[in-house]
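First listed ligand is number 1; within each ligand, the first listed atom is number 1.
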Amino acid sequence: MSNIRFEALKSAFSHKPAEVEVPEGRVKDYFARDVFTREKMKEYIAQEVLDQLFDDVDNGRTIHRDIAGVVAIGIRKWAIEHGATHFTHWFQPLTGGTAEKHDAFFTLDKNGTLLEAFSGDSLYQQEPDASSFPSGGIRNTFEARGYSAWDPSSPVFLIGDTLCIPTVFVAYTGEALDYKTPLIRSTAALCHAAREVCAYFDKQVKHVHANLGWEQEYFLVDEALYNARPDLMLTGRTLMGHNSAKSQQLEDHYFGAIPARVLAFMRELEYEALKAGIPVRTRHNEVAPNQFEMAPIYEDVNLANDHNLLVMSIMERVAAKHHFRVLLHEKPYAGVNGSGKHCNWSMETNTGINLLAPGKNPYQNLQFITFLVNVLMAVQRHNGLLKASIVSATNEHRLGANEAPPAIISVFLGKQISAVLDKLEQATAEEAIIINAKKEMKLGVANIPEILLDNTDRNRTSPFAFTGNRFEFRAVGSSANCGAAMLALNAAVAEQLMLFKEEVDKRIEKGEPKERVLFDVIKKYIVACKAIRFDGNGYSDEWKTEAAKRGLDCETSVPLVIDRYLAPDTVRMFEYTDVLSKAELQSRSEVKWETYVKKLQIESRVMGDLVVNHVLPAAKRYQTMLLQNVLAVKQVFSADETASLNEMDYSIIKQIEHHSGAILEGVERMTDARHKANRMPDERSKALAYHDSVLPLMADIRAHADALELIVDDEMWTLPKYRELMFVR
Ligand code: ADP
Ligand code: MG
């Protein structure tokens, strides 16, 4: 009998590093080759049209249809010259990932003559068959169809023969059905609020935008082994598998050289990403075997997020060419590190000042402290929401395990900044801010070192860490659309800055000096946001108790965390900043629950199939062999001799019996629990039932299956093992 695992292994070992066709030239020769950049637009579109377009884009105004018409002609010409035959509106549905529907660049006229077609309308707006995308009831509620509309702030680009147009996806009544729409709204809110606060310090600031630098972690697995693991194929993670004797204990993978086959994959991936205008710069091994990371140079958050989504799909495509599969799941393997997507976030002015970096003069430093403290306040007020923005059925397995941040949001500041805040808290206004005779401001105790010590790698378990000139939101999952987390953060900070300004202005209007008022309010905030600051060990039980005492959100059940989207504070904040309406929040939480249910439903079914079709047959076959052996031994040896000879066989036979029985019973109970959950009246109760009753049963079944893996003859085991999945490359 053939064993699919051995067939897969044979095939995996035959996979050699692929030839990579990356041109010898320098990166600047091909960077953004497939992107219709502003520079290239000048060759195809009249300057006065472009002036209008860029002005509208940079100021967040809607593009006029006439402008779109002219731009479309230029885009079409460029795209066709570069081999495009199709175009697609490229959008980000709430299911995750991206969606596209391709149309050819031609149409037929009345006489059946072929016409090149791609008008302003095709650029501007499309109506994909939206009914198959989740809307969490919005379309029923508003009887609205969905359409996708051009986002001119993110450039169009080519993937193979297809022109991709980044778009938002909204209902006809205007409600967002995607991640991009509210992300754009949130940056507008943040830009406005931050600019107003900057005005206290620097009147030159006309514009503020948020930056995002993501660090994408992922696993690679050989394609043949992947194909022999139905759980990886259908759920993206292993639902069972005993730990490999060697996994990440030695941490040798982190420091090790990148294996040749992986390096070939990475080189091609980087080439493809660079051609698409994604400024990828960093690549390295991660902690777990076969785990890696790539990171670009940070960009404006909307563009950076498009680029992250694009990279995820490029990764999948390139991996296939190298006989790899890329695993973007947060926890493909139990017991080793999971994958996250650290989101490095900062705010920057049009004058080039990073608002989260200490400055060169007292005003810039006070401005830095102001923004820092306001971010702390925002994260504290909305820590529950920020957690809701990153939880999912997949990230659930990662949080709180193997160096991943725990499921309680807190902020790590590091020694230096903590010391500055502590000093300010103790100081009087006179000590902190000195105005000299020439009316110049100086900072007294609030003095901040211009260069902060490198904070980067300390306390890797903190979910939200200050790293010298930015915050790093580390709880975000590797498969997530960063937009969900970024829009929540942008909006929360925007609201906080608006509240800050209101408070400060009220007192300035009464005639108090500006510097004094700023100091007073900042000092008050430093006291008020103490609960969110935590530099210690996030895994300790003391922290869990302490965090609860501090009033931080300690809920770990994903379906309950999703409730935070509808908490009164959340709704008020999103409405105040015009980022999401209550109806949109309702629809988003519905989609989150629904997705959670579907993912668990699939996992549970796959689990049932795996144990019944793979694990139990192998176990039974081995048990039969042992039983036959016992009988044979009895025939050959005397009763005295067999008593001790058979001991080991008996013990294994009994263990197999025990685990197999437990698995069968477990599958029955799990199936019942699933049916019960499916009958629940709404998505939230379904999600709760899956979380509370199906998930624990899956864990039980897994424990027995993993125990069998250790006992059963290796030659009979049909599922590739952890050591093979993680070490073959
Ligand atoms: P690490 O955090 O592992 O030390 P890096 O220093 O390379 O990694 O930075 C990780 C990411 O943070 C990169 O995408 C980088 O561009 C981004 N980054 C650096 N500075 C900022 C900033 N001011 N705002 C946003 N992202 C930033
Ligand atoms: Mg980092």
Student: Can you check whether E293 has an N/O within less than 3.5 Å of an N/O in ligand 1?
Tutor: no

Student: Would the number of heavy atoms belonging to other residues, nucleotides or ligands and lying under 6.0 Å from CZ of R38 be above 12?
Tutor: yes

Student: If you take the nearest heavy atom of each of F471, W214, Y298, W345, which one is closest to atom 18 (N) of ligand 1?
Tutor: Y298

Student: Shortest non-hydrogen contact from V579 to S186?
Tutor: CG2-CA, 3.6 Å

Student: Check each heavy atom of H342 against ligand 1 and say whether those closer than 4.0 Å belong to the side chain, the backbone, both or neither.
Tutor: neither

Student: Which pair of non-hydrogen atoms, one from L327 and one from Y333, has the smallest distance, and what is that distance?
Tutor: CD1-OH, 3.7 Å

Student: Under 3.5 Å, N or O to N or O, is N211 touching ligand 1 that way?
Tutor: no

Student: Going from CG on N537 to OG on S462, what distance comes out if it is rounded to the nearest 0.5 angstrom?
Tutor: 11.0 Å

Student: Checking the N or O distance criterion of under 3.5 Å, is ligand 1 in contact with I297?
Tutor: no

Student: Would one find more than 12 heavy atoms of other residues, nucleotides or ligands at under 6.0 Å from atom CZ of R26?
Tutor: no

Student: Can you establish whether the number of heavy atoms outside R195 located under 6.0 Å from its atom CZ is more than 12?
Tutor: yes

Student: Check each of N469, L212, L356, T282 against atom 7 (O) of ligand 1 and report the one with the nearest heavy atom.
Tutor: T282

Student: Show the numbers, then the answer: is there a salt bridge (charged side-chain N to carboxylate O under 4.0 Å, His left out) between D306 and K180?
Tutor: CA-CA 9 Å; D306 282 359; K180 195 189 239 298; 2.9 Å; yes

Student: At a non-hydrogen distance cut-off of under 4.0 Å, which region of N354 contacts ligand 1 (side chain, backbone, both, or neither)?
Tutor: side chain

Student: Is there a polar contact between ligand 1 and E215, counting only N or O atoms under 3.5 Å apart?
Tutor: yes

Student: Pick, from R281, M347, R470, E472, the option with the minimum heavy-atom distance to atom 5 (P) of ligand 1.
Tutor: R470

Student: As an exercise, identify every atom of ligand 1 less than 4.0 angstrom from a heavy atom of G213.
Tutor: 14 (O), 26 (N)

Student: With distance as the sole criterion, is a donor-acceptor pair present between the side chains of T394 and E330 under 3.5 Å?
Tutor: yes

Student: Below 4.0 Å from ligand 1: does a non-hydrogen atom of E348 turn up there or not?
Tutor: no

